[in-house]
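So you know, we letter chains A, B, ... as the sequences are listed, proteins then strands, and number each from 1.
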Amino acid sequence: MPTLRFFRPVSSLTVALLLTACAVPTTPPAGVGAGSVQSSALSSEASRPNAQTPDAILLSQYHWVNRLTWGANSSAMAQARGLGPPALLATLLKPSGAELPAAVASQVQALSISQKPFVPMMQALEQQRRENDALKNDEDKKAAQQAYQQELNRLAREAASRHILRAMYSPNQLHEQMSWFWLNHFSVFQNKANIRAMLGDYEDSAIRPHALGRFRDLLGATTRHPAMLRYLDNEQNAAGRINENLARELMELHTLGADGPYSQKDVQELARVLTGVGSNLLVADAPVRRELQGFYVRRGLFEFHPGRHDFGEKQLLGQAIRQRGLPELDEALDRLARHPATARFISRKLLQFWLADTPPPALLERMSQVFLSSDGDIAATLSVLLSSAEFAAGAGQKFKDPMRYVISALRLAYDDRPILNTGPVINWLNRLGQPLYGRQTPDGWPTDEAAWASPGQMAARFEVARTIGSGSAGLFRPEGQANLEQPAFPQLSNALYHQVLASTLGSGTRAALTQANSPQDWNSFLLSSPEMMRR
Amino acid sequence: MHRRLVMQQFAQAGLALGSSQLLAAGSDRPNFLLVFLRGGYDAAHLLVPVGSSFYYESRPTLAIAKPSADASSALALDSNWGLHPALRETIYPLYQKGQAAFIPFAGTHDTSRSHFETQDSIELGQAPEAGRNYRSGFLNRLAACLRDSNAMAFTDRLPLVLQGDVKVPNTALRTVSKPAVDARQSSVISAMYQGTGLASNVEAGFAVRDEVMREMAAEMDAASRNAISARGFELEARRIARLMKGRYNLGFVDVGGWDTHVAQGGATGQLASRFEELGRGLATFAQEMGAQWRNTTVLVLSEFGRTFRQNGNNGTDHGHGSVYWVLGGSLRGGRVVGEQVAVTQANLFQNRDYPVLNDYRAIIGGLLARQYGLGPTDLNSLFPGAQPSDLALL
């Protein structure tokens, strides 16, 4: 265990504050006095700095960084320093080879989802499941099934850990946010069947490569992934035994939107297109009648079984589907991905995630146009949003959902210092009602304020703020190891705070901070403040 | 914060600030608790069709014996039905007092046999042909109909059934711990939100938290004196009763562990243990409600029943018709009610499951109409398009 060093010594002031705070924790918090002096100098409302002052430039930079990342901290501010907003945005929209810091990368690399290739892992698990089912003794069977379930739980937890570590530490912060966004848009529920074992691959092979790429590629990859095919029951969808679940959600939730221009007949027709589209968790290909063998497709776990496919004529959205077999799906997805209703639906969701619960209509229209003209280029569409005047004017307004609240608080608290255990983070997300991969319904988590700001949720959020503010909460105790964690708490009254964060706080919050009677208390109040609930 | 504003905004959600004693004292207001058994419990293992030879043929290793002196045999209810013996000390006495009733062949017309689909169907309670509105659960619509409803979900997150226009708080009671944010800190935090749009939510959030802590104080006191404490659902149910004796009169809780595909057991075993724990919790709830029990109704349901025949793994798979339970201090129970048919192979749904003869929207609507005196307008907003069926249980 390295010695506790919560922040790089950005300035000698930080070091001095840290030492003072740790040495005399019962005295009024170090930093409160200095903080209030600085904050009133920076931002009292009567003397708001005009656009040209260094303070104003720093404040603007803070808002940009705070909104383009999972939350501002000193590292992210350093990354942005010297880049104007356009350059910063361009950098984030085209993630380079920049990788996780070594200490975080090694944690991710140590996960079995990073080491075991997906397809053989799933085949082995399926084999195990079948062997368990064949056990004759009930007690043996129960024990074997429990072990199998525990392995699935472990794999899901690994996926969540990896997601959290990347959100906290990856330099490609826009990409990380869009990965969460699309994971939520193409939501799957971990507790159905064996989806827990598929999450890691779903995220890494179907979502992340396309998160800032082309919508059509993303749609194709998620629709063919075994996690989605299982979650929305398309494995049961066969000619004469239609299951409409995936077909309906493909149009309602993934592309056109619930108010989109499709009918129940279109749902049925798309379901027919999707017949035979499924997965095969066994090593061997499925047997296919000789005359249909040319249509059979197997790629990894994905399988198109022509024996289950309805080869009849189909109409989708007023036009015939011309292809035969699996290519019908590509033709249908092309049509859905390029539909103006999809452009609007996706643009609206992006706006609701990034800017406002009720999107500004003119910006929505501009984004939809670019989505259409760029053939669903996600980065180009996002660029319209993030470089708009509407976005620039929206700082500090959007309410954070629990994921953003927790990750932003931790990024602020620990900056680039790698946590060693994501368990507490997973628990906080559970407690705040937004577990990763835990949305039971296919619509994904809402991102509006009404969904997350209820009385019970606010009270729970303050409890989490208190926990993060007043101790290290097990974040530095690797799972399964003895308690080597030294009692400590993060130092939020740091250089970033004094340089700029303080100037974003209103008088109510500043008054509250002066009432803190320990540094932990001060941290908790800052993390509980109305300003920290929004970005 | 303007106190009056808070009271207005949260009056309906039961978060009006002040003493719970005021509301609770002398109150004859009706209480309703919905208990959702998630996972599809095996109804034929609970309400045993002891009069059916087909039952005994279909479940060679799982069946519960006909009522006899043997402690592992079913408890006699009437000539057709018996009760699982795990409920001997808990639900059976309530049934004998007329405070429990069972509705067999109950459920939805959703035949997906998917836990999620069917749970959603029930919680939303919307007309099957209408598109689903995921922001409108039937208990929330009930809360909107009632003038003095104080609804609460005793769960980690607000369940679908309580989502909707009325602001409903939620708090899980499996583990209750003293809040880390103390009174001084709470008031500092509240002060930060004065004048913001979230002020009333923040204040109400602290109020709910304090209410839970007040009601749990006696229990924590007992625990600190090393009293033997209840565990599992019994503990949860006792805590729910404490809160429902106080401010909250419309509650929801869910209980898991019913998806018994494998080795479900017979008179003893996996499922019997679940029944035992559930029964103990419900009986404790009835007892803890005290004088309020006579105003209280509990409905226990699950998304679907299971296959009537046992499968190859000494378990049962997802089926269709279920058995709903109704408990209450003023119930005209001690009966097995609703539409019924003989339990024979010919009467199975798709030659596999219990049929649904008692639509969930009709029977819950009928029950709630009795409990709250709801008229046709309210009933139609509660369960649009459903014809309530009155089983005269209240």
Side-chain angles (χ1 to χ4, degrees), chain A residues 132-133 135 137-139 141-142 145 189 191-192 231 233 243 245 252 258 399 430-435 438 440-443 446 449-451 453-467 470 505-513 515-517 521 524-525 528-531 533, chain B residues 10 13 15 61 112 114-117 119-120 131-132 134-135 152-153 156-158 160 163 167-172 177 179-182 184-210 261-263 265 269-270 312-315:
Chain A
N132 294 347
D133 280 356
L135 287 173
N137 179 299
D138 286 345
E139 291 305 317
K141 177 180 285 189
K142 212 171 141 189
Q145 290 183 336
F189 178 54
N191 288 353
K192 182 163 181 174
Y231 175 53
D233 302 321
N243 186 310
N245 204 2
E252 176 180 330
F399 191 79
N430 291 344
R431 180 167 186 188
L432 295 176
Q434 197 187 28
Q440 195 170 315
T441 48
D443 51 350
E449 177 169 341
S454 77
Q457 287 162 328
M458 292 308 293
R461 204 173 271 211
F462 300 139
E463 289 291 311
V464 171
R466 173 93 189 129
T467 308
S470 59
L505 304 178
S507 57
T509 299
R510 290 203 300 271
L513 291 175
Q515 297 176 54
N517 54 22
D521 214 24
S524 306
F525 288 158
S528 298
S529 68
E531 291 83 357
M533 300 297 155
Chain B
F10 287 96
L15 300 177
T61 67
S112 65
S114 147
H115 295 297
F116 312 114
E117 280 286 306
Q119 288 176 18
D120 289 357
R132 282 180 172 179
Y134 278 103
R135 293 288 174 81
M152 170 70 105
D156 291 316
R157 289 187 296 283
L158 197 60
L160 215 45
Q163 306 245 343
K167 288 193 178 188
V168 175
N170 64 295
T171 185
S177 53
V181 178
D182 66 22
R184 179 188 62 85
Q185 292 160 338
S186 304
S187 83
V188 171
I189 291 170
S190 285
M192 279 197 278
Y193 282 84
Q194 277 191 25
T196 74
L198 291 176
S200 63
N201 287 29
V202 169
E203 198 154 325
F206 285 134
V208 169
R209 182 200 66 182
D210 293 346
H261 289 281
V262 176
Q270 189 190 163
N313 302 321
N314 292 311

Legend entry - A:E449 portion near chain B, given a 4.5 angstrom heavy-atom threshold: side chain
Inset, instruction - Keeping the roles fixed (side chain from A:E463, backbone from B:P179), state whether a donor-acceptor pair exists under 3.5 Å. - result: no
Inset, instruction - Evaluate the side-chain proximity of A:F525 to B:Q185: yes if any heavy-atom separation is below 4.5 Å, no if none is. - result: yes
Legend entry - Lys/Arg-Asp/Glu bridge criterion (N-O < 4.0 Å) met for A:D443, B:R132: no
Inset, instruction - To the nearest 0.5 angstrom, please state how far the CZ atom of A:F462 sits from the CZ atom of B:R209. - result: 10.0 Å
Legend entry - Between A:P530, A:G508, A:G433, the one whose heavy-atom pairs under 4.5 Å with chain B are most numerous: A:P530
Inset, instruction - Find out whether B:K167 and A:S454 are in side-chain contact, i.e. whether some heavy atom of one side chain is under 4.5 Å from a heavy atom of the other. - result: no
Inset, instruction - Just give me the residue among A:A451, A:A465, A:P435 that pairs up with chain B most often, heavy atom to heavy atom, under 4.5 Å. - result: A:P435
Inset, instruction - Could you tell me the separation between the CD atom of A:Q457 and the CG atom of B:N201, rounded to the nearest 0.5 Å? - result: 9.5 Å
Legend entry - Close side-chain approach of A:K141 and B:N314, heavy atoms under 4.5 Å: no
Legend entry - B:Q163, part contacting chain A, at a heavy-atom distance under 4.5 Å: neither
Inset, instruction - Hey, could you give me the CG/CD distance between A:D138 and B:Q270, rounded to the nearest 0.5 Å? - result: 10.0 Å
Legend entry - Option that, when pairs with chain A are counted at under 4.5 Å, heavy atom only, ranks first among B:T196, B:V202, B:L160: B:V202
Inset, instruction - Pick whichever of A:G456, A:A512, A:A460 has the most heavy-atom pairs under 4.5 Å with chain B. - result: A:A512
Inset, instruction - Check whether any side-chain heavy atom of B:Y193 lies under 4.5 Å from a side-chain heavy atom of A:M533, and answer yes or no. - result: yes
Inset, instruction - Could you tell me which non-hydrogen atom of A:A459 sits nearest to which non-hydrogen atom of B:G205, and how far apart they are? - result: CB-O, 3.7 Å
Legend entry - A:N430 portion near chain B, given a 4.5 angstrom heavy-atom threshold: backbone
Inset, instruction - Examine whether an atom of A:E252 lies under 4.5 Å from a heavy atom of chain B, and if so say whether it belongs to the side chain, the backbone or both; otherwise answer neither. - result: neither
Legend entry - Among the listed options A:Q434, A:R466, A:K142, A:M458, the residue most often paired with chain B at heavy-atom distances under 4.5 Å: A:R466
